[in-house]
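Report on the following structure.
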Amino acid sequence: MNAEGRPTVYIETYGCQMNVSDSELMYGHLEAVGYTPVGGPDGADVILVNTCAIRDHAEQRVLGRLGELKRFMGRNTVLGVTGCMAQRLGPALLERARHVQLVVGPDGYRALPALIEGARKGERATKVEFDLEEHYEDFQARRFDGVRAWIPVQRGCDYKCTYCIVPMTRGAERSRTLADVEREACTVAEQGITEITLLGQTVNSYHDGAHDFADLLRSVGRTPGIRRLRFTSPHPNDFTDRAIAAMAETPAVCEHVHLPMQSGSSRTLKRMLRRYTRETYFECVERIRAAIPGVALTTDIIVGFPGETDDEFEETLSAVREIGFDDAFTFRFSLRDGTPATRLPAHLTVPDDVAADRLDRLVSLVRDGTRARNLSMLGTRHEVLIEKTARRGGLLQGRTRHHRTVLVQGEESLMGKYFTVELTGTTGSTFTGAIASAGHALPLAG
Ligand code: SAH
Ligand code: SF4
Ligand code: F3S
């Protein structure tokens, strides 16, 4: 209980932005029925761990954390597990962790208040049915970031990439209506937020029956007060010319695309069931670059997928070199129970040491590329939005429209403001900069 005698809730979030956004929805929903959000588990009446199942490592971390959380629990504390791992493991999680009382998947958050009430009376419950209608439209997301907002536009995924657990943890793809997304964009703009990131597993396959992703970008991009519009993650196959034109023609849309490649080898991509080839991925990059000169490109890459030969891995390295990504998230393949990859013949498994070695080589290649590009940018000036205080002492952290991180000196009062910043140094991945002049006091229209 807090000082006013209201019960408190703490949500610890793992995984992708979609989970961060779901946690905001859960906080909002629980706040509406009388709970007060708190910033840590100590003394909280309700602790929820919003989990990720994408790689085994992510799940191991959560299992370890559930053990640690025991020491924050009093006699009446309710501990629940939500999110993708809850969906994947269901009742088995209640068996495995006896102090967990609730296991609730991504479509079950509407039931949380009732489930928590039950748990207070000693019940243990699992709720993991999918609900293809559920978008939580009537929830008021409780946002803690006053500068940027993440707005989910789509839930679930209809691709069936053979390595991926997400279709099993999030169910089939469905889009919110354009009107609902517009309404939320206006709400966050009225709160003074000027940057929006639209979220979906394959965000550019957005379709509400009447409007596609191009309509969505143009419409949200027109929200008064919204100066920067981003989205993540698009799928290469869903980048229509209409969508690319909408990006190029909507001033708010930032010059950055995170375009997961996964592999540079058409043969590996085929086993991954990514539904594009090296060549069509390159074509997609070319179309984006032609429409948006200077666009920053980042990506996701998996190494060690079953059957990946040395030659196939070399093709990934050459793709990274040829495309010249600004940055890449790189992962070692993790076999997930129930995914189609489990049915690939065992002899295709890439040995751990080979996969580890490939990851090292890929990471250095990406790092070298990023460092060279960043060094070449020193002395140039960029519009930076100050987002938060940096972990490094006394500095503020912001981003350029191209999504490059810049640390600057300044007072906390600069938070949420735009400045022209000269890049003065780089660690290789991030920049330090000096504020050259204040940006426009008012967000640009359009
Ligand atoms: N929907 C997004 C990806 C979501 S998961 C998309 O399709 O682009 C984020 C990233 O995790 C993926 O892009 C992939 O690179 C990585 N990933 C997913 N499953 C994985 C697995 N089983 N092992 C290793 N990496 C994985
Ligand atoms: Fe997973 Fe593929 Fe869907 Fe992305 S597109 S969430 S990688 S199945
Ligand atoms: Fe993880 Fe679920 Fe996101 S598996 S990456 S939290 S959709």
Side-chain angles (χ1 to χ4, degrees), residues 11-23 49-62 81-89 105-107 128 130 150 152-174 198-206 231-239 257-264 268-269 271-276 281 284 297-306 308 316 325 327-342 344 349-350 352 355-356 358-359 362 366:
I11 307 180
E12 191 160 293
T13 309
Y14 294 84
C16 64
Q17 262 334 303
M18 194 63 86
N19 258 14
V20 174
S21 166
D22 279 352
S23 290
V49 184
N50 194 12
T51 60
C52 174
I54 201 81
R55 286 169 288 276
D56 184 55
H57 175 73
E59 291 200 354
Q60 294 308 326
R61 236 177 106 200
V62 166
V81 179
T82 62
C84 291
M85 191 177 160
Q87 184 70 37
R88 192 179 89 73
L89 295 175
D107 287 348
V128 289
F130 285 126
W150 286 267
V153 300
Q154 180 190 60
R155 298 180 74 85
C157 181
D158 275 352
Y159 280 85
K160 296 272 181 291
C161 306
T162 52
Y163 51 81
C164 185
I165 195 78
V166 172
M168 292 169 66
T169 64
R170 295 250 163 198
E173 176 188 320
R174 53 240 132 103
L198 304 174
L199 297 179
Q201 290 302 340
T202 54
V203 69
N204 54 342
S205 69
Y206 173 89
F231 53 86
T232 196
S233 288
H235 190 287
N237 284 15
D238 295 304
F239 257 128
V257 180
H258 181 71
L259 190 64
M261 178 174 80
Q262 313 301 0
S263 165
T268 310
L269 288 168
R271 287 195 305 284
M272 291 177 163
L273 198 64
R274 282 295 284 183
R275 303 166 205 248
Y276 53 82
Y281 182 89
C284 182
L297 277 179
T298 54
T299 197
D300 292 344
I301 299 171
I302 299 174
V303 301
F305 185 76
E308 184 186 65
T316 293
F325 290 108
D327 210 345
F329 295 107
T330 50
F331 309 102
R332 230 166 104 175
F333 169 69
S334 168
L335 184 65
R336 311 307 289 130
D337 273 353
T339 58
T342 56
L344 290 168
T349 304
V350 174
D352 280 350
R358 286 179 188 169
L359 187 63
L362 179 61
V366 169

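Heads up: numbering here begins at 1 and tracks the sequence. Both counts, for ligands and for their atoms, begin at 1 and track the order of listing.
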(Q) Any heavy-atom pair between the side chains of S205 and Q154 that's under 4.5 Å? (A) yes
(Q) Distance check below 2.8 Å: does C84 bring an N, O or S atom to atom 1 (Fe) of ligand 3? (A) no
Q | Step-by-step side-chain hydrogen bond (donor to acceptor under 3.5 Å, both in side chains) determination, D238 to T202 | A | CA-CA 8 Å; D238 295 304; T202 54; 4.6 Å; no
Q: Just jot down the ligand 3 atoms closer than 4.0 angstrom to any heavy atom of Q201, in number order.
A: 7 (S)
Q. So do the side chains of T316 and F305 get within less than 4.5 Å of each other, counting heavy atoms only?
A. no
Q. For the residue pair Y159 and H235, does the interplanar ring angle fall in the parallel (under 30°), tilted (30 to 60°) or perpendicular (over 60°) class?
A. parallel
Q. Any side-chain heavy atom of M261 sitting closer than 4.5 Å to one from L297?
A. no
(Q) If the condition is side-chain contact (heavy atoms from CB on, under 4.5 Å), which residues does P152 pass it with, not counting sequence neighbours? (A) M18, S21, R176
Q.
Checking a contact table here: which protein heavy atom is nearest atom 1 (Fe) of ligand 3, and how many Å away?
A. C52 SG, 2.4 Å
Q) Among all protein non-hydrogen atoms, which one is nearest to atom 4 (S) of ligand 3, and what is the separation to 0.1 Å? A) A53 N, 3.3 Å
Q: Side-chain contact test, heavy atoms from C-beta onward, threshold under 4.5 Å: evaluate it for F325 versus T298 and give yes or no.
A: no
**Q.** Protein contact of atom 7 (S) of ligand 2 - nearest heavy atom, named by residue and atom, plus distance
**A.** Y163 OH, 3.3 Å
Q | Heavy atom of the protein closest to atom 6 (S) of ligand 3 (residue, atom name, distance) | A | N19 ND2, 3.4 Å
Q | Within reach of ligand 3, part of M85 (heavy-atom separation under 4.0 Å) | A | neither
Q.
Strictly under 4.0 angstrom, heavy-atom based: which residues surround ligand 1?
A. I54, R55, Y163, Q201, S233, P260, Q262, R274, D300, I302, F331, R332, F333, S334, R336
Q: For residues P106 and Q87, determine if any side-chain heavy atom of one lies less than 4.5 Å from a side-chain heavy atom of the other.
A: yes
Q) Can you check whether I165 reaches M168 side chain to side chain, under 4.5 Å on heavy atoms? A) yes
Q. Heavy atoms, side chains only, cut-off 4.5 Å: are P234 and V257 in contact?
A. yes
**Q.** Y163 vs Q262, side-chain contact (heavy atoms from CB on, under 4.5 Å): CA-CA, chis, key distance, verdict
**A.** CA-CA 11 Å; Y163 51 81; Q262 313 301 0; 3.3 Å; yes
Q.
My understanding is that only residues two or more places apart in sequence, or in another chain, count here; which of them pass salt bridge (charged side-chain N to carboxylate O under 4.0 Å, His left out) with R55?
A. none
Q) Can M18 be said to touch ligand 3, with heavy atoms closer than 4.0 Å? A) no
Q. Are there any protein N/O/S atoms under 2.8 Å from atom 2 (Fe) of ligand 2, and if so, which?
A. C161 SG
Q. In the protein, what heavy atom is nearest to atom 3 (Fe) of ligand 3, and what distance, to one decimal place, separates them?
A. C16 SG, 2.3 Å
**Q.** Evaluation steps, side-chain contact (heavy atoms from CB on, under 4.5 Å), between T339 and T162
**A.** CA-CA 6 Å; T339 58; T162 52; over 6 Å; no
